[in-house]
Amino acid sequence: MTNLSEQAEVSQSLSLFSELERHDYEQLIFCSDPKVGLRAIIAIHNTTLGPALGGTRMWVYSTEQDAIADALRLARGMTYKAAVSRLNLGGGKAVLIGNPERDKSEALFRTYGRFVEGLAGRYITAEDVGTNVRDMEWVRMETKYVTGISRALGGSGDPSPVTALGVYMGMKAACKARYGNDSLNRKKVAMQGAGQVAYHLCQYLRSEGAIVYVTDLYEEKARRIVNDFGAIYVRPEEIYDQEAHIFCPAALGGVLNSDTIPRLKVDIVAGPSNNQLRDETVHEQMLIERDILYVPDFVINAGGLINVANELEGYNKERALSQAREIYDVVGDVLRLAKQQDLTPNSAAIHLAEERLRKIGQIRSIYAGESNYAGRLGEMHSRRR
């Protein structure tokens with residue numbers, strides 16, 4: 001007879017499968033090795049366009065369920081980011097449960113690397129919140145399916161310059177949609193966060209004559225931008241009340257919520273941080289009601305993904321920067337579709353991503369239906385030779 005705890009475990013597993021099926025996830029992998037303190041979750045959402053590429057996040061989660069939810073949500077976002085950015089990659093993400101300040105070790109990341117290797121290329125990892133280039137180099141000791149490594153080892157190194165360029169181009173496209181021209185000269189930008197992406201972004205903004213207000217929870221980081229580029233310092237809690245043309249979230253997620261949106265005095269929200277909307281539906285609608293143009297974060301911040309994706313073909317910085325400039329066109333397409341079909345920008349971006357997935361999926365289905373897909377690809381390559 002099944003006891004109550006066993007029944008609860010069965011019920012939980014059934015609900016997990018329901019969640020995977022609801023959003024068409026392909027795979028969820030649990031990785032454990034108590035000897036090195038590894039507890040990791042890898043989520044693969046969709047590989048229609050290519051292998052799933054997404055970073056490994058290390059975080060102290062309140063519960064294992066929170067870690068699973070984060071991995072799933074982020075993996076799905078990566079599918080849309082790759083698809084709408086016209087990359088031939090799928091969506092995946094991994095989370096390591098642990099404190100990035102004290103729980104890291106070579107043994108942990110090498111063990112994790114062996115799990116990534118076991119997926120045989122279905123998932124390619126990179127750095128993310130709580131992990132860095134050194135961590136990825138440890139992973140690389142066990143698998144080739146890793147990006148975001150140092151230039152000394154053939155990687156791309158710090159992706160922030162490419163991410164910043166993409167955000168800058170996305171801001172210009174948003175200005176074009178809102179004001180009729182894409183100039184940022186004399187435009188006021190309220191930048192929340194002063195990390196590496198913000199630093200490089202401020203360089204682009206100031207070179208075009210934008211006026212930048214900057215803040216950060218760590219004041220010294222904001223002061224660096226003030227000193228190097230002539231930005232204006234604002235205290236963290238005052239950034240939402242700053243009168244500007246553009247509010248640029250460049251730090252934590254969830255900053256656009258029911259408390260902060262009513263305080264905004266801007267025309268546009270466009271910035272590099274992930275998951276800016278606390279609730280995608282509710283808070284995007286609040287922005288629309290306040291006549292604030294929102295550029296979806298997974299569209300405008302795709303430069304980081306573009307950068308690491310270039311490592312797969314042999315990294316070329318100029319090629320990565322050129323592709324990041326195309327974010328201007330992608331943002332323009334998203335905002336035009338939203339206006340033409342009376343969609344929210346998020347819905348328009350997801351529509352474009354899903355349309356590309358559908359079309360490529362149909363092509364692959366045709367090949368699979370006629371004969372073995374791998375065999376057909378082999379024949380195609382033979383003909384090209």
Side-chain angles (χ1 to χ4, degrees), residues 156-252 255-256 264-274 276 292-295 297 299-304 306-307 317-318 320-332 335:
S156 60
D158 179 13
S160 57
V162 181
T163 305
L165 175 59
V167 175
Y168 168 66
M169 299 306 296
M171 280 185 175
K172 289 178 71 64
C175 285
K176 176 76 172 177
R178 186 63 193 249
Y179 305 119
N181 69 79
D182 65 8
S183 174
L184 286 165
N185 185 41
R186 307 305 296 171
K187 293 291 191 299
K188 297 178 180 179
V189 180
M191 185 179 296
Q192 183 191 48
Q196 283 297 98
V197 174
Y199 183 88
H200 291 288
L201 175 58
C202 194
Q203 189 172 14
Y204 285 115
L205 295 172
R206 292 294 291 143
S207 69
E208 193 175 337
I211 301 165
V212 178
Y213 300 87
V214 64
T215 194
D216 197 280
L217 293 175
Y218 299 95
E219 186 175 333
E220 66 275 11
K221 293 169 68 176
R223 293 292 179 187
R224 178 186 176 214
I225 290 179
V226 170
N227 294 335
D228 289 358
F229 304 118
I232 302 164
Y233 177 73
V234 177
R235 287 186 293 185
E237 265 308 303
E238 295 175 355
I239 197 68
Y240 299 108
D241 306 304
Q242 181 63 51
E243 289 191 23
H245 297 91
I246 302 170
F247 177 67
C248 175
L252 300 174
V255 298
L256 298 173
L264 294 178
K265 299 172 183 176
V266 298
D267 298 324
I268 296 167
V269 170
S273 63
N274 287 308
Q276 297 166 16
I292 297 174
L293 181 65
Y294 173 65
V295 181
D297 48 39
V299 177
I300 198 170
N301 68 15
I306 288 168
N307 191 67
K317 185 176 181 180
E318 289 309 311
L321 290 171
S322 177
Q323 289 178 344
R325 291 187 186 96
E326 294 176 11
I327 289 175
Y328 181 97
D329 297 325
V330 176
V331 170
L335 297 180

- For Y179, is the NZ or CZ atom of K187 found under 6.0 angstrom from the centre of its six-membered ring and inside 45 degrees of the ring axis?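 Because its charged atom sits under 6.0 Å from the ring centre and within 45° of the axis, K187 does stack over Y179.
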
Q: Flag yes if more than 12 heavy atoms outside E237 fall under 6.0 Å of its CD atom; otherwise flag no.
A: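 At most 12 heavy atoms, drawn from other residues, nucleotides or ligands, come within 6.0 Å of this atom.
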
Would a distance-only check, ignoring hydrogens and angles, find a side-chain to backbone donor-acceptor pair under 3.5 Å from [X] to [Y]?
X: T163; Y: P159; result: yes
X: D216; Y: K221; result: no
X: R325; Y: L165; result: no
X: Q276; Y: G271; result: yes

Is R235 paired with E238 through a side-chain N to carboxylate O contact shorter than 4.0 Å?
->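 Looking at E238 and R235, the cut-off is met.
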
request  = Flag the pair E219 and R223 as a salt bridge only when some basic side-chain nitrogen lies within less than 4.0 angstrom of an acidic carboxylate oxygen.
outcome  =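 R223 and E219: salt-bridged.
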
A side-chain contact here means heavy atoms from C-beta on lying under 4.5 Å apart; do [X] and [Y] qualify?
X: Y213; Y: Y233; answer: no
X: I211; Y: L205; answer: no
X: S273; Y: L252; answer: no
X: L335; Y: L293; answer: yes
X: I292; Y: D267; answer: no
X: V189; Y: L201; answer: no

Can you name the closest pair of heavy atoms from [X] and [Y] and give their distance?
X: A270; Y: V295; value: CB-CG2, 4.0 Å
X: N274; Y: D297; value: C-OD2, 3.8 Å
X: A250; Y: A198; value: CB-CB, 4.2 Å
X: V226; Y: I232; value: CG2-C, 4.3 Å
X: C248; Y: P272; value: SG-CD, 3.8 Å
X: A320; Y: I306; value: O-CG2, 3.8 Å

Exactly one of V214, D241, I239 should register a side chain to side chain contact (heavy atoms under 4.5 Å, CB included) with V234. Which one does?
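For V234, the side chain to side chain contact (heavy atoms under 4.5 Å, CB included) check succeeds only for I239.
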
Separation between [atom1] of [X] and [atom2] of [Y], rounded to the nearest 0.5 Å:
X: K172; Y: D182; atom1: NZ; atom2: CG; answer: 4.0 Å
X: Y204; Y: M171; atom1: OH; atom2: CE; answer: 13.0 Å
X: I246; Y: C175; atom1: CD1; atom2: SG; answer: 4.0 Å
X: Y328; Y: Y168; atom1: OH; atom2: OH; answer: 10.5 Å
X: I300; Y: I327; atom1: CD1; atom2: CD1; answer: 7.5 Å
X: R206; Y: I225; atom1: CZ; atom2: CD1; answer: 11.5 Å

Task: Pair S160, D158: side-chain N/O donor-acceptor within cut-off below 3.5 Å - done: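 Yes, because at least one side-chain N or O of S160 sits under 3.5 Å from a partner of the opposite role on D158.
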
Show your reasoning for whether side-chain contact (heavy atoms from CB on, under 4.5 Å) applies to Y294 and I268.
-> CA-CA 6 Å; Y294 173 65; I268 296 167; over 6 Å; no

Next on the checklist: Suppose we call two aromatic rings close when their centres sit under 6.0 Å apart. Are Y199 and F229 close by that rule?
Outcome noted: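 Yes - the distance between ring centres of Y199 and F229 falls below the 6.0 Å cut-off.
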
Practice task
Begin from the C-alpha positions of Q242 and F247 and carry the test side-chain contact (heavy atoms from CB on, under 4.5 Å) through to its verdict.
Solution key: CA-CA 9 Å; Q242 181 63 51; F247 177 67; over 6 Å; no

